[in-house]
Every structure is written in structure tokens, then in C-alpha cells.
Amino acid sequence: MMKEAKMSTKSIWAGEKEQLAFGATQVPVVHSVSFGYDDMDEWYDVAVGAKPGHIYGRNTNPTVQAFEDKIRVLEGAEAATSFSTGMAAISNTLSTYLFPGDRVVSIKDTYGGTNKIFTEFLPKQQVEVVLCETGDHALIEEEVAKGCKVLYLESPTNPTVKITDIKRMAAAGRAAGALVIVDNTFATPVNQNPLELGADLVIHSATKFLGGHADALGGAVCGRKELIEPIYHYREINGATLDPMAAYLLLRGMKTLKLRVDQQNKNAAAIAEYLKSFDEVEAVFYPGLPEHPHHQTAKEQMRGFGGMLSFSVKGGIAGVRDLLPKLKYANRAANLGSVETVVGPSRTTSHVECTPEERAAMGIPEGLIRYSAGIEDIEDLKADLAHAFQSIKSYVKP
């Protein structure tokens, strides 16, 4: 018997063979909205799930299924379903499992859109939301033990890359009968597999590292079949369907996932260390740094520390305004995980939906810069930063 394939091999081959046609070596983009049947009984069997197949594009599609199968294999899950965006994956999953009177426990340092669901939308639906200090595992355990339907985690967090002990928190969730959900977007399956650490469901914004080329929106959730089926049903009725062309682009991007993430891990680690040498930098946030408060936990549960970091400059927003336009090898944009380096302050990226006061309460200064390391040559990225920092010295008090 052959040994199980490694991550780089799975990234290329997983989920594709079953969807090939006409001798093609690449999964086709199937744009057909509907799928026809001459046999009425076969049509019915496919429609009710008794036989494999497709009936309507809002429900399932061959190209989309290949994407779902690939992320399912990469996360070591029994099942997976997809969505039009990462936020659709998050909101549909939470809406599937949370009802009026339920209680959800999470952390303060979630992505801005996720935070809005917790602070704005769920309370309107009479769902009790408890947001704990990220990294305060004892407090989270205490709140979970009081009873909750869902324990929702994000690790590393966006944008301050804090780390939660997933194994410990999953054990607390199981003891309380809670569903444990982990957003694994920043880590990717290359660096971390939350299901292996005890989580019930793992969520991805596929738009980011999975696709890796900033040209397709998508989301996914993976887990046990009995947990995925209700989420799929909610999505098929509510309609946040992944487009076949986007699924194809994500599939194509995922073929190089291991190669890209390995390089991004190296680049991010080097940039984080390099940034410490500048007097203009107030703080650097990266779980790979030994001084990071959650470094030991990251070492224990991650195979790599990720391609994301953030840092704050002494000039505050004035320094940010002058620094970022001077970078030659970085897109100033609200995205991350791409082959190109991408930078931006949280006030216009991860937490644009939040007020300055809300960001401050989450420990996100207005001068914080999110830095998504690309796969460029590291010496070019360092030289680019050195040149840009030279331009902001006038904003920094001696």
C-alpha cells in the first residue's frame, strides 16, 4: 500500500480526477446552470441525494465540487462545502447553528466582518455573544463552561496575529457540548490543521492564500459530514453559491499552495525580524518571533508561522500615509495571501467596518500596518522597506 501523499502532492492532485472529461488533464469550467436527465427516476435519485450527480448550479456543480474535494483533503475532513466569499462561509455557518436564546463564545481579535456579526447582527437575533480577551485561555474556558452552543476561534488573528491554543480550547468546547469552529485562513492547511487539534469545523476565506492570485472570491467550511450537511442545506437555499469560474481559478491557485506558503513563511519571518531594526517601528507582531506572547503555542500547533505580520510606526497615521505609497514591491489594497506583497492599515482593510473607538478597544492602533508577504526575493523586499522608511523620518520625533 502506498503511503499517504504529502501536502504539495495533495495540493496538485486531490479532488480533480473525478471531474475530468474528454481526456483533459485540467478540471473544466462547467458553466451550465442545469443538468438534464432522460430517466425520471435517475433524476429524482440525484435530486434527493440517493445518487451522485448535479441538477442545478445553485446546489452543486462539477467544477465547484472539485474545489470542495481538494480543500476537504487538504484539511483532512470528511466533507466540505463552498461559498461565494469567505464572509458567506462564516455567516452561513453561524446562521446554521445559532438561534434565538443560544450563546456563542469567541475572542475579541476576530476579523472585522466577523466581529460585526458578533457585535451587531447576532444580538439583534437574540443570540448572546461573549467576546473574551484573546490568549486568556482560562477566561475562555470559564465562559464556555457556563454553557454555549458555539465556540468560535480565529488563529492566527487578523490583523495582530495573536494565537489561541486550539487543542486546549477544543477540549473545553467538547466538555461543554459546544460546536468548535476555527477560521484557518491565515494559517492555511500547509501550516495548521484545526480538525487534527480537536475542532469540529474549519473555515477558510479561499480568496486569500488558497487562491493566492487575488483574482477570485470564495469560501469553504470543512468537517464531519453530519455537520457539513446542514450548512450546505442553508447555503443552497439562501444562495451564496461559489461561481464555477471562481472555483476553477481557486483550483488552479491551490496547485501551488505549498510552494507559495513555504516561501511566504520564510519571507514573513525575515521581514518581521528586519523591521525590528528600524527606530521608526514601535512594535512588530508575528508569532514566529520568540518575543511574541503566544510564540510557544504557535510552535506547538503550527508547522509554519504564516505569511502575515503587522507592525506599527511611531508616526501614527501620518507616517503610514507617507510610508505606504513609497513601497515599490507592494500593493496597497484590502487583500492578503497573494503572490504579491500586500500592505494596508487596518482602518481601510481588516477593520474598515469598525469605528476608531472599536478598533482601539480591540488593540488596533490607527497606525497599524498589515503586511502580507508575497513570494518576491527577500532582499528586494528588505531594500524596498529601507527606502520607504527613509521617507518618514520627518514624521518621527527624535
*Can a salt bridge be assigned to the pair E78 and R72 using a cut-off of 4.0 Å between side-chain N and carboxylate O?*
no

*ring-ring contact (aromatic ring centres under 6.0 Å, His included) contacts touching residues 242-276 (sequence neighbours left out)*: Y274-F278

_Using a strict threshold of under 4.0 Å (side-chain N to carboxylate O), is an ion pair present between K328 and D384?_
no

*Please lay out, stage by stage, how K382 and I271 fare under the test side chain to side chain contact (heavy atoms under 4.5 Å, CB included).*
CA-CA 7 Å; K382 287 182 177 180; I271 292 299; 4.2 Å; yes

_NZ/NE/NH1/NH2 to OD/OE distance under 4.0 Å, K276 and E291_ = yes

*Looking only at atom types and distance, does a side-chain atom of N184 sit under 3.5 Å from a main-chain N or O of A187, one as donor and one as acceptor?*
no

*asked:* Could you go through T114 and Y152, starting from their C-alpha distance and side-chain angles, then the distance that decides it, and tell me whether this counts as side chain to side chain contact (heavy atoms under 4.5 Å, CB included)?
replied: CA-CA 10 Å; T114 307; Y152 187 97; 3.7 Å; yes

*Would you say E376's side chain and T341's backbone share a donor-acceptor pair under 3.5 angstrom?*
yes

*Applying side chain to side chain donor-acceptor pair (under 3.5 Å), which residue pairs with at least one partner in residues 198-214 are found, sequence neighbours left out?*
E75-H204, D200-R224, S205-K208

*Check salt bridge (Lys or Arg N to Asp or Glu O under 4.0 Å) between R321 and all other residues, then give those that pass, not counting sequence neighbours.*
none

*Compute whether any side-chain donor of one residue and acceptor of the other, for Q390 and H387, lie under 3.5 angstrom apart.*
no

_Regarding N92 and N238, do their side chains bring together a donor and an acceptor under 3.5 Å, going by distance alone?_
no

*Answer yes when E143 and R103 have at least one side-chain N-carboxylate O distance shorter than 4.0 Å, and no when they do not.*
yes

*Spacing of CZ belonging to F285 relative to NE2 belonging to H292, to within rounding of 0.5 Å*: 8.5 Å

_Under-4.0 Å salt bridge between K149 and D102_ = yes

*Under the side chain to side chain contact (heavy atoms under 4.5 Å, CB included) test, which residues partner A298, sequence neighbours left out?*
I163, P287, M302, F305

*Please list all pairs passing the side chain to side chain donor-acceptor pair (under 3.5 Å) test where one or both residues lie in residues 11-25, with sequence neighbours left out.*
E16-K70, E16-K255

*In terms of side-chain geometry, is the basic nitrogen of D262 or K266 positioned less than 4.0 Å from the acidic oxygen of its partner?*
no

*Are the side chain of N61 and the backbone of T63 linked by a donor-acceptor contact shorter than 3.5 Å?*
yes

*Going from CG on D243 to OG on S84, what distance comes out if it is rounded to the nearest 0.5 angstrom?*
9.5 Å

_Sidechain-backbone polar pair: E282 side chain, E280 backbone, donor-acceptor under 3.5 Å_ = no

*Sequence neighbours left out, what pairs pass side chain to side chain donor-acceptor pair (under 3.5 Å) with at least one residue falling in residues 28-43?*
none

*With respect to R370, which candidate in V343, L309, L336 satisfies the side-chain contact (heavy atoms from CB on, under 4.5 Å) definition?*
L336

*Any donor-acceptor pair under 3.5 Å linking the side chain of Y286 with the backbone of G306?*
yes

_Side-chain (T134) to main-chain (K162) donor-acceptor, under 3.5 angstrom_ = no

*Any salt bridge between E141 and R168, counting N to O under 4.0 Å?*
yes

